[in-house]
Amino acid sequence: MKLYNTLTRFKQEFVPIEEGHVKMYACGPTVYDFFHLGNARPFITFDTLARYLEYRGYEVEFCQNFTDIDDKMINRANEEGITVSELADRYIKEYYVDADGLNIKRQTYQPRATETMDAIIDLIKALDEKGYVYVLDDGVYYDVSKDSQYGKLSHLKLDELQAGGGERHASFEGKRNPGDFAVWKFKKEGEPYWESPWGDGRPGWHIECSAMNKKFLGDTIDIHGGGCDLIFPHHENEIAQSEAANGKPFANYWVHNAFVSIDGEKMSKSLGNFFTIRDIVKHFPYEVIRFFMLSGHYRKQIDFSDTLLEASQTGLERIANAVRNADFIIASGKLKEDGGDADEALIKATEEAGNAFIEHMDDDLNTADAISDIYKLTTSVNIAASGDVSKKALTQGRDKIMELLGVLGVKLPEESNDIPEEITELVEQRANAKKEKNYAEADRIRDLIAQKGYSVKDTPNGPQVEKL
Ligand SMILES: [Zn+2]
């Protein structure tokens, strides 16, 4: 598999440190609110990457953290008159509601920063022993000028970074370089704090991720992921601290997803142009949101609009209908043993779709083209289902669609599949009436079924029921 590596700026063949095993980290949510569509993109992207690596036979050890202490957490908790940890508990719970809905698998490790305090303090100690940090009145700072490789991820020179970063990090008096950043912030009145050798306080955001990486995955990992807005300063600083403290390379592949935009502008909390998943799910089911997100390549900006979500919904329904139709025909038990040409065509299409899917996913996780492969197979299944196909070939085609959707973590929409028990019974009574040539009774039952919101259609394979 090839992955685009931000560190080298090349699509590179993926070679894990340990054969057959992948260690992967992705920066998780800051749990002070519901997450929005822009936040969801990395969760879905790296979940899909993990699923695909597993599909290709790797054992994947995946860590995605919860940032549960920072300025945003403290401010929101104060606004709501609750503690920071109560706020974190609330929104971690809400994260799981949406993440489960989006079929984001629980990662191997899901640490909270506040539960990793020992590892954070150990890492700062290591930096301190090697002379990379210094203490000011408000905290402990990392000295970027001590690090000759600083800037290697964002591909900027130190003076450029400092020119750009100076404003971003409100310059504190005494900082040796404008780009120096706090690894530990001394406590302020009313803020939660932990004890440390430098004084009571709380960690900086960057050191949390470095420490959780080290604690759960070790000094060097295979893949580090996140949104492209995290390249600088967050990931640059993670690399700097980890490599300075551990004396080893931090992550071999840096994978970054592009933004979700609205009218060409980045969807973000600070711009106010965001939609939470909880809002969107009032109009579109979770599986459609996931399918929409994967319809674009992760390194390309994806524009959010109702029209595009509707298109994704129609597309997913089309796939779902093909699968349901195949299921119905297979269940009828009336298919031939040998489908001749129809079989040959479908078996070939099934094989080709499976191979093309892998080829596209191997090419830097090209989910957009991988979805086209599923569509092509859907068309072939539909054509075969209306012809002389055998049960074996149709089942294979149908199963391949489900297999490939599963790799993408996309579920089929459910509701139209749920025929209530009551309706199933009426359909049976009607079939019996017809068998007894009691057509008046059969028609009466058909009307009754229609009144209850379902249609029943007679097909060569038996009655087919659909929601009206
Ligand atoms: Zn991080």
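Side chains are part of it too, since the values below use all heavy atoms of this structure and drop only hydrogens, waters and symmetry mates. First listed ligand is number 1; within each ligand, the first listed atom is number 1.
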Asker: For the residue pair Y132 / Q241, report whether a side-chain donor-acceptor contact shorter than 3.5 Å exists.
Answerer: no
Asker: Please identify each residue that fulfils side-chain contact (heavy atoms from CB on, under 4.5 Å) with D100, with sequence neighbours left out.
Answerer: Y96, R106
Asker: How about the Zn ion (ligand 1), which protein N, O or S atoms come within less than 2.8 Å?
Answerer: C27 SG, C209 SG, H234 NE2, E238 OE2
Asker: Would you sort out whether K11 and D363 count as a salt bridge (Lys or Arg N to Asp or Glu O under 4.0 Å), showing the intermediate values?
Answerer: CA-CA 8 Å; K11 253 194 233 178; D363 183 15; 2.8 Å; yes
Asker: Within the 3.5 Å criterion, strictly below it, is a donor on Q301 or S261 matched to an acceptor on the partner's side chain?
Answerer: yes
Asker: Give a yes-or-no answer on whether the side chains of T379 and R318 include a donor-acceptor pair shorter than 3.5 Å.
Answerer: yes
Asker: Can you list the steps and then say if D373 with L404 is a side chain to side chain contact (heavy atoms under 4.5 Å, CB included)?
Answerer: CA-CA 9 Å; D373 300 324; L404 302 182; 5.5 Å; no
